[in-house]
Amino acid sequence: MTDGTALREAADDARREAPRRWWNQRTATAAGTFAVLGAPSFLLYAFAVLTPLGLCVVYSLEDYNLLSSSGRFIGLDNYRDLFSDPGFWGAYGFTLTITAFLIVVSNAGGVALAVVLNRPSRPFHVLRTVTFVPVILSGVVVAFLWSSILTDTGILNSLLHSLHLTSLQHSWLGTARGAQLSVMIVSVWPMIGFATTVYLAALQGVPAELLEAAEIDGAGPVRRFRHVVWPLLRPALAVNSTIMLINGAKSYETSLILTGGGPNGATDTGALQVLRVGFTENRAGYAAAVSMVILATIALLSMAGAALARKADR
């Protein structure tokens, strides 16, 4: 009897220990996998992202000199100077304007072109390629290309002159409103091709059975798109909007090449201000503070967009 009790107790102990041993084995396996596969990636991420971000936070609290690689702690003075600087608010406002323009126009144009180009015939395949060409060009190349079109003696004004439409000739980059509109159009031009490609990929995943069922039920093209296609394109909308948000917030090369931030700072952006103030004026602390404000704006807008997407899904 005693031996039977001991055996039952030993069996109970073994059953209790089995989950613990299984958990310890899984933990050891996960730790080993992370050490082999995850650690190098994490170290690379820490070196390329976390370390520069931490340094940016530190520099934004200092009066840092890039030439001497030294800084003096000044607390939040850079942020106080930044928020009281009309030049910063002008650049910040134009950055938000470009970002909103990119999100709205690229998504609207991308959806429209994707619907038109979503055909199996060869000519439409060629048009898809043509649409994507601006995406593979660098921002500098795009800006130089458009600068030859939009300058006072550029292709656009020369074409209008040859067509005897001199009343439509304009100093596209010489006025504040014209320069801002030009920078926004040039910035959105390649992004429409990118958005079109993403929406085309999403359209390929729309089940033909759903469209056929909606057509049998009497739904026209507009209702089919609104109630069947568009809900399935929401992930593509989220991807495009996030990419456009980031591109708009860090935009600087178009303004730099087309207008240099002018006229009178009308096309100055936050990223261009970071470049000019940090490297030309050697005010790295102020530039780091501008960078942190832009980063915070991107984070807040991204979280707001994600919350709206979740609400729409519900």
Side-chain angles (χ1 to χ4, degrees), residues 90-91 93-114 116-117 123-200 240 243-276 280:
F94 186 58
T95 300
L96 293 180
T97 302
I98 290 180
T99 303
F101 189 80
L102 280 175
I103 292 173
V104 173
V105 176
S106 63
N107 278 300
V111 168
L113 281 174
V116 172
L117 297 177
F124 286 100
H125 291 170
V126 175
L127 290 176
R128 292 181 194 179
T129 304
V130 172
T131 303
F132 191 73
V133 167
V135 182
I136 64 177
L137 300 177
S138 71
V140 174
V141 172
V142 170
F144 273 115
L145 174 65
W146 278 92
S147 67
S148 66
I149 297 173
L150 296 173
T151 54
D152 291 349
T153 58
I155 296 173
L156 180 56
N157 279 337
S158 299
L159 179 63
L160 293 174
H161 179 75
S162 63
L163 295 175
H164 305 288
L165 298 174
T166 54
S167 60
L168 298 179
Q169 288 181 300
H170 186 71
S171 180
W172 306 103
L173 303 178
T175 63
R177 186 63 58 84
Q180 288 177 338
L181 184 60
S182 298
V183 169
M184 289 190 294
I185 291 174
V186 174
S187 298
V188 82
W189 179 59
M191 291 296 100
I192 291 177
F194 177 86
T196 301
T197 303
V198 175
Y199 282 120
L200 276 170
N240 280 330
I243 296 297
M244 301 311 155
L245 171 62
I246 296 172
N247 275 276
K250 67 183 184 66
S251 172
Y252 78 93
E253 65 268 20
T254 303
S255 293
L256 178 64
I257 293 171
L258 287 182
T259 63
N264 198 24
T267 57
D268 204 4
T269 65
L272 181 56
Q273 196 172 62
V274 170
L275 182 68
R276 184 179 61 252
T280 303

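- Separating the CG atom in Leu168 from the CG atom in Leu163 is a distance of 9.5 Å, to the nearest 0.5 Å.
- Checked by atom type and distance alone, the side chain of Ser251 never pairs as donor or acceptor with a backbone atom of Gly248 at under 3.5 Å.
- Within the model, atoms CZ of Phe94 and CE of Met184 stand 5.5 Å from one another, a figure rounded to the nearest 0.5 Å.
- Minimum interatomic distance between Gly109 and Ile192 (heavy atoms only, all atoms of both residues): C-CG2, 4.2 Å.
- Atom OG1 of Thr259 and atom CD of Gln180 lie 9.5 Å apart (nearest 0.5 Å).
- Distance check: Met191 CE to Ile243 CD1 gives 8.5 Å after rounding to the nearest 0.5 Å.
- A search for side chain to side chain contact (heavy atoms under 4.5 Å, CB included) contacts involving Ser182 returns Leu150, Trp172, Leu173, not counting sequence neighbours.
- Taking each heavy atom of Pro190 and Ser187 in turn, the nearest pair found is CD-O, 3.6 Å.
- Screening residues 261-271 for salt bridge (charged side-chain N to carboxylate O under 4.0 Å, His left out) gives Asp268-Arg276 as the qualifying pairs, with residues at least two apart or on separate chains.
- For the ring-ring contact (aromatic ring centres under 6.0 Å, His included) condition, the pairs that include at least one residue of residues 179-198, sequence neighbours left out, are Trp146-Trp189.
- In this structure, CG on Leu145 lies 11.0 Å from CD1 on Ile257, to the nearest 0.5 angstrom.
- Legend: residues meeting side chain to side chain contact (heavy atoms under 4.5 Å, CB included) with Thr166, ordered by chain and number and at least two apart, are His161, Gln169.
- Nearest heavy atom pair, residue Gly262 against residue Ala179, reads O-CB, 4.2 Å.
- With sequence neighbours left out, Ala114 forms a side chain to side chain contact (heavy atoms under 4.5 Å, CB included) with Thr196, Tyr199, Leu200, Leu203.
- Partners of His125 according to the ring pair (Phe, Tyr, Trp, His ring centres under 6.0 Å) rule, which considers only residues two or more places apart in sequence or in another chain, do not exist here.
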- Decide yes or no on side chain to side chain contact (heavy atoms under 4.5 Å, CB included) for Thr267 and Leu258, but give the supporting numbers first. CA-CA 9 Å; Thr267 57; Leu258 287 182; over 6 Å; no
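- Scanning all heavy atoms of the two residues, the minimum distance from Val142 to Val186 falls at CG1-CG1, 3.9 Å.
- Partners of Ser106 under the side chain to side chain donor-acceptor pair (under 3.5 Å) rule, at least two apart in sequence or in another chain, do not exist in this structure.
- The salt bridge (charged side-chain N to carboxylate O under 4.0 Å, His left out) contacts involving residues 138-148 comprise nothing, where partners must be two or more places apart or lie in separate chains.
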With a 3.5 Å cut-off and sequence neighbours excluded, list the donor-acceptor pairs that the side chains of residues 130-139 form with protein atoms.
residue: Thr131; atom: OG1; partner: Leu127; partner atom: O; Å: 2.8
residue: Ser138; atom: OG; partner: Val141; partner atom: N; Å: 3.3

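- Remark: Ala271 pairs with Tyr252, Thr269 by the side chain to side chain contact (heavy atoms under 4.5 Å, CB included) rule, at least two apart or across chains.
- Within the model, atoms CG of Asn157 and CG of Leu165 stand 11.0 Å from one another, a figure rounded to the nearest 0.5 Å.
- The side chain to side chain donor-acceptor pair (under 3.5 Å) search around Ser171 returns Asp152, not counting sequence neighbours.
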Could you list the donor-acceptor pairs under 3.5 angstrom formed by side chains in residues 97-104, with sequence neighbours left out?
residue: Thr97; atom: OG1; partner: Gly93; partner atom: O; Å: 2.9
residue: Thr99; atom: OG1; partner: Thr95; partner atom: O; Å: 2.8

